[in-house]
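Here's the structure we're looking at; comments come further down.
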Amino acid sequence: DTSVFKLESFEDNYEAGDDIGSGHFAVVRRCTHRKTGQAFAAKFIRKRRGGGRKGAKMEEIVKEINILRCIDHPNVISLHEVYDTKMEVILVLELVSGGELFEYISEKEALSEEEASSFIKQILEGVKHLHDNKIVHLDLKPENIMLLNHNSTNIKLIDFGLARRLTDQEDMRAMMGTAEFIAPEVVSYEPLSLATDMWSIGVITYILLSGSSPFLGDSQQETYHNITALNYEFDHDLFHNTSELAQDFIDKLFIRNPRKRSTVHDCLNHPWIKPVEDKEAIARRSAMINIDNFKSFMARKRWRQSMRVVSLCNRLSRSIQLRKSTDTLSSRTTMSSRNTLDEETSQEGAGSAG
Ligand code: ATP
């Protein structure tokens with residue numbers, strides 16, 4: 001269904017501004033609606049052409065659009081309009097300008113579990129809206145949890161590039177997402193379900209409380225092994241200020257059998273999110289997240305990201321030199337070296353499982 005595609009041109013209606021983000025096949029730019037002056041985010045998704053590897057397949061783009069069209073919730077990004085051009089599809093999205101939730105928290109001096117759980121609650125509210133509509137996000141991770149703007153702590157879930165609508169007939173299996181955050185059924189190529197998102201919420205909560213990633217190993221293989229073996233613990237050094245309630249919330253998400261894992265409804269009714277007794281509310285108020293370790297976790301993450309950019313630049317410059325030195329070779333040879341580079345950059349850029 002492509003009836004959502006606008007027939008006019010994007011440039012006629014919007015003025016494009018600065019780049020505000022990029023993904024695998026997409027660049028996101030701030031833009032302004034010419035008539036109303038309202039600001040939006042325009043996601044320019046490059047289309048795959050012919051049998052190439054560059055760009056997103058049209059059917060994948062349409063899937064993302066159809067999912068976004070069903071969404072209408074304060075904690076999830078909304079889709080405004082869609083434009084189609086020869087080279088790309090342009091999604092005009094609600095603008096989110098407050099940056100990543102984890103960046104915001106890393107600038108704080110302290111954060112109580114009460115405050116931390118109110119952020120997790122908003123994530124759960126957004127996920128509940130998706131799950132009520134049988135949509136599974138499949139890429140819940142800190143980068144996709146943003147704040148609406150700098151004056152608010154309103155969370156918005158973004159990036160529906162991997163999201164799927166579940167049907168009763170279809171058995172969906174896929175190996176995708178970012179290793180640290182994926183559920184055991186993803187690693188083992190077993191059927192995925194709404195519970196797959198719940199595991200990732202467990203990982204996000206664990207990191208938020210401790211500044212440490214529960215299953216991350218020295219290699220991707222080790223991470224996968226840790227996930228399927230449920231190899232995690234609440235190390236006293238990292239969790240000495242954490243409430244039992246918070247640990248119980250996480251334990252009920254790190255369950256191998258997706259059917260036995262807490263659902264989004266269970267989580268919203270868990271006493272860490274919705275205290276019933278006074279002592280639960282007090283426990284949450286007096287427990288603190290490990291902000292020192294959280295700050296160093298974020299510093300390490302920024303460092304890894306900048307190293308990835310440096311290594312990408314090195315590869316590009318080596319490739320340019322290679323091309324210069326093979327100027328005399330046939331164009332066919334040049335094409336194949338270009339393909340090799342694309343393969344490397346796409347793996348590097350995603351750091352993904354699939
Ligand atoms: P990936 O390859 O990581 O799956 P993607 O190609 O699907 O990414 P998005 O994750 O949707 O693209 O967007 C890329 C980046 O652009 C995001 O990480 C975020 O920083 C920024 N971004 C996306 N949507 C918005 C928005 N509505 N408002 C502001 N920034 C946004």
Side-chain angles (χ1 to χ4, degrees), residues 14 16-33 38-48 53-69 71-83 87-104 126 130 135-150 152 154-164 174-182 186 197 200 204 298 301-302 304-305 308-309 312 342 345-354:
Y14 294 89
D18 298 341
D19 280 13
I20 46 177
S22 63
H24 224 144
F25 300 125
V27 175
V28 180
R29 297 176 70 183
R30 174 187 263 280
C31 66
T32 315
H33 190 236
Q38 206 182 339
F40 290 94
K43 179 169 172 177
F44 296 80
I45 309 175
R46 188 167 172 182
K47 290 183 191 174
R48 182 172 294 198
R53 288 170 48 99
K54 281 187 205 161
K57 285 186 198 149
M58 200 55 192
E59 63 183 84
E60 295 295 326
I61 303 176
V62 169
K63 226 180 247 175
E64 180 170 351
I65 293 169
N66 284 337
I67 284 174
L68 283 164
R69 286 171 71 191
I71 298 170
D72 177 19
H73 190 274
N75 295 122
V76 191
I77 191 84
S78 64
L79 177 68
H80 187 61
E81 288 182 333
V82 182
Y83 292 84
M87 303 297 278
E88 46 199 15
V89 173
I90 309 165
L91 311 188
V92 181
L93 298 159
E94 172 183 19
L95 177 69
V96 184
S97 57
E100 290 173 20
L101 169 70
F102 272 28
E103 290 291 347
Y104 167 80
L130 302 180
I135 295 167
V136 52
H137 186 284
L138 294 177
D139 202 14
L140 291 174
K141 56 180 178 182
E143 288 86 336
N144 292 335
I145 303 168
M146 298 190 66
L147 292 175
L148 179 59
N149 59 48
H150 288 290
S152 87
N154 181 342
I155 282 183
K156 290 276 177 188
L157 303 178
I158 65 157
D159 192 358
F160 285 76
L162 298 185
R164 291 286 176 272
M175 185 63 181
M176 60 190 182
T178 302
E180 270 175 91
F181 300 94
I182 59 178
V186 181
D197 280 343
S200 309
I204 292 162
M298 291 302 288
K301 195 172 139 190
R302 283 179 217 117
R304 276 202 307 274
Q305 267 160 357
R308 264 205 284 272
V309 174
L312 198 61
D342 284 341
T345 41
S346 61
Q347 279 169 8
E348 186 67 70
S352 301

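Just so it is clear, the structure is predicted and the values come from calculations on it, not from any experiment. Remember, it's 1-based here, ligands and their atoms both numbered in the order they're listed. Numbers here are sequence positions counted from 1.
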Quick one: does H24 get an N or O within less than 3.5 Å of an N or O on ligand 1? yes
Nearest protein heavy atom with distance in Å, relative to atom 22 (N) of ligand 1: V28 CG1, 3.9 Å
Please determine if K301 and E103 form a salt bridge, counting it only when a charged side-chain N lies under 4.0 Å from a carboxylate O. no
Atom 27 (N) of ligand 1 sits nearest the protein heavy atom E94 O, 2.8 Å
Students should be able to answer this: which protein heavy-atom is nearest to atom 18 (O) of ligand 1, and at what distance? I158 CD1, 4.2 Å
If you scan protein heavy atoms around atom 11 (O) of ligand 1, the nearest is K43 NZ, 2.7 Å
Counting only heavy atoms closer than 4.0 Å, does ligand 1 sit against the backbone of D159, its side chain, both, or neither? both
Main-chain N/O of S97 paired with H150 side-chain donor or acceptor, under 3.5 Å: yes
Check: V96 N/O within less than 3.5 Å of ligand 1 N/O: yes
So, does D159 use its side chain to make a donor-acceptor pair with the main chain of D139 at under 3.5 Å? no
Which ligand 1 atoms does A41 reach within 4.0 Å, using its non-hydrogen atoms? 26 (C), 27 (N), 28 (N)
Considering the options L101, V96, V76, which one meets the side chain to side chain contact (heavy atoms under 4.5 Å, CB included) requirement together with I155? L101
I'd like to know if the side chain of N149 reaches the main chain of G98, judged simply by a donor and an acceptor atom lying under 3.5 Å from each other, with no hydrogens or angles considered. no
Does the plane of the ring in H33 sit parallel, tilted or perpendicular to the ring in Y14? Use 30° and 60° as the thresholds. tilted
Could you tell me the residue and atom name of the protein heavy atom closest to atom 20 (O) of ligand 1, and the distance to it rounded to 0.1 Å? I20 O, 4.0 Å
Closest candidate by heavy atom, reference atom 6 (O) of ligand 1, pool S22, G98, G23: G23
Please list, in number order, the atoms of ligand 1 under 4.0 Å from a heavy atom of I77. 27 (N)
Please answer whether the main-chain N or O of I90 pairs with a side-chain N or O of K43 as donor and acceptor at a distance below 3.5 Å. no
Quick one: does any side-chain atom of H73 pair with a main-chain N or O of S78 as donor and acceptor, under 3.5 Å? no
For atom 21 (C) of ligand 1, what is the closest protein heavy atom, and at what distance to 0.1 Å? G21 CA, 4.0 Å
Assess whether a salt bridge exists between E60 and R164, defined as any Lys/Arg side-chain N lying under 4.0 Å from an Asp/Glu carboxylate O. yes
Backbone or side chain, does any N or O of E143 fall under 3.5 Å from an N or O of ligand 1? no
Backbone, side chain, both or neither: what part of S97 comes under 4.0 angstrom of ligand 1, heavy atoms only? neither
